[in-house]
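The block underneath contains the structure these notes are about, expressed in structure tokens.
Everything numeric here is computed off the predicted structure, so don't read it as measured data.
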Amino acid sequence: MTTSTRFDVPDAFIASYGAHGPEERAWLARLPRLGEEFLDRWALRPDGPPAHGMASLVLPVRQDDGTPAVLKLQRLREETAGVPAGLRAWRGRGVVRLLGHDEESGTQLLERLDADRPLSSVSDDHEALCVLAGLLARLVAVPAPEGVRGLSGIATAMLDEAPRAIPALSDPDERRLVRTCASAVAELTGEPGDRLLHWDLHYDNVLAGEREPWLVIDPEPIAGDPGFELLPALHNRWEEVVATGDVPRAVLRRFDVLTEAVGVDRRRAVGWTLGRVLQNALWDIEDGETALDPAQVTIATTLLEHRAESRRG
């Protein structure tokens, strides 16, 4: 373990994050010094071992008055640049509170939640889904502040990339599916929406809190249509969808719960969910994959068949 006086960087985080490239490794080399700097600047003392995800390190701390908090360090990226503006716009309503922020480094001081009690720990999937849907409805009720990335630019970039990426898929049916997803996005790019979106709202990004039973963490805020938010929840705990024995019915049940809670137009929700499938496909192809995620193929196919039946009806 790389150790400083008070700030330890876990070996597992170094191994996973440092594998990405020279910029990531350079940031890792600075991380112990950066952690020490903000412990001093914000008068914090460590209050437990650090935890980490794919791209950030979180250290439980106590503020000068004894209030628990967490110090979050992550490299500034385009996806996370809008986090402070988003958290301030939400003002802690259904989401973790931002207590401090350093613009230059992207370092955040956040309200401490119960990391041992994510929403994924709720055994009843329908109960967990309803909690998530309620939180999502509250988040997207807020208009996006200025300066947050827009869905319009993201969608346009996907449509530009798709023709070059699709030939990498080995299955012609999957190539056709991704082209269909791109067509659905093309129909909606003129109406990208202006709501404040989380972009990655799933059960493990919801933690138990004290001032509210459940609070959302780790947003990557964008301005857009709430329909673009649904895929992570549709894909959550996929094994339980499969265990129902009727996967299309279970997918549509989740889709109904989410769209009804949020009040989003179902036609647009289908289109933007196909857009998320497209986005994930492009990311996977960029990483060298030649096949789509089977669960996302099923979700896309189910929604397309549902849309076709609705039109016939």
Quiz item: For F228, does its backbone N or O pair with a side-chain atom of R276 as donor and acceptor, under 3.5 Å?
Solution: yes
Quiz item: Between N205 and D200, is there a donor-acceptor pair closer than 3.5 Å when you use the side chain of the first and the backbone of the second?
Solution: yes
Quiz prompt | Steps toward salt bridge (Lys or Arg N to Asp or Glu O under 4.0 Å) verdict (D246, R253) | solution = CA-CA 11 Å; D246 190 340; R253 174 178 160 275; over 6 Å; no
Quiz item: Is it true that a side-chain atom of T298 and a backbone atom of P294 form a donor plus acceptor pair closer than 3.5 Å?
Solution: yes
Quiz item: Does any N or O in the side chain of H202 come within less than 3.5 Å of the main-chain N or O of L231, such that one atom is a donor and the other an acceptor?
Solution: no
Exercise. Output yes when a side-chain donor or acceptor of T301 lies under 3.5 Å from a complementary backbone atom of V297, and no otherwise.
Key: yes
Quiz item: Just wondering, do S183 and L274 contact through their side chains at under 4.5 Å, heavy atoms?
Solution: no
Self-check item: R41, CZ atom: more than 12 neighbouring heavy atoms under 6.0 Å
Solution: yes
Quiz item: Does atom CD of E239 have more than 12 heavy-atom neighbours from other groups under 6.0 Å away?
Solution: yes
Side-chain donor-acceptor pairs under 3.5 Å in residues 80-96, sequence neighbours left out?
| unit_1 | atom_1 | unit_2 | atom_2 | d |
| --- | --- | --- | --- | --- |
| T80 | OG1 | R77 | N | 3.3 |
| T80 | OG1 | R77 | O | 3.3 |
| W90 | NE1 | L139 | O | 3.0 |
| R93 | NE | W90 | O | 3.1 |
| R93 | NH2 | A89 | O | 3.3 |

Practice problem: Keeping the roles fixed (side chain from R175, backbone from L169), state whether a donor-acceptor pair exists under 3.5 Å. | Solution: yes
Quiz item: Got more than 12 heavy atoms from elsewhere within 6.0 Å of CD, E210?
Solution: no
Exercise. Please tell me if the side chains of I299 and L303 come closer than 4.5 Å, counting only heavy atoms from C-beta onward.
Key: yes
Exercise. Could you list the residues that satisfy salt bridge (charged side-chain N to carboxylate O under 4.0 Å, His left out) with E286, not counting sequence neighbours?
Key: none
Exercise. Output yes when a side-chain donor or acceptor of T290 lies under 3.5 Å from a complementary backbone atom of S170, and no otherwise.
Key: no
Quiz item: Can a salt bridge be assigned to the pair E111 and R211 using a cut-off of 4.0 Å between side-chain N and carboxylate O?
Solution: yes
Exercise. Without swapping roles, check the side chain of D65 against the backbone of T67 for a donor-acceptor pair under 3.5 Å.
Key: yes
Quiz item: Looking at residues at least two apart in the chain, or sitting in another chain, which of them share a salt bridge (charged side-chain N to carboxylate O under 4.0 Å, His left out) with D125?
Solution: R237, R254
Quiz item: Is the backbone of A162 close enough, under 3.5 Å, to the side chain of R179 for a donor and an acceptor to pair up by distance?
Solution: no
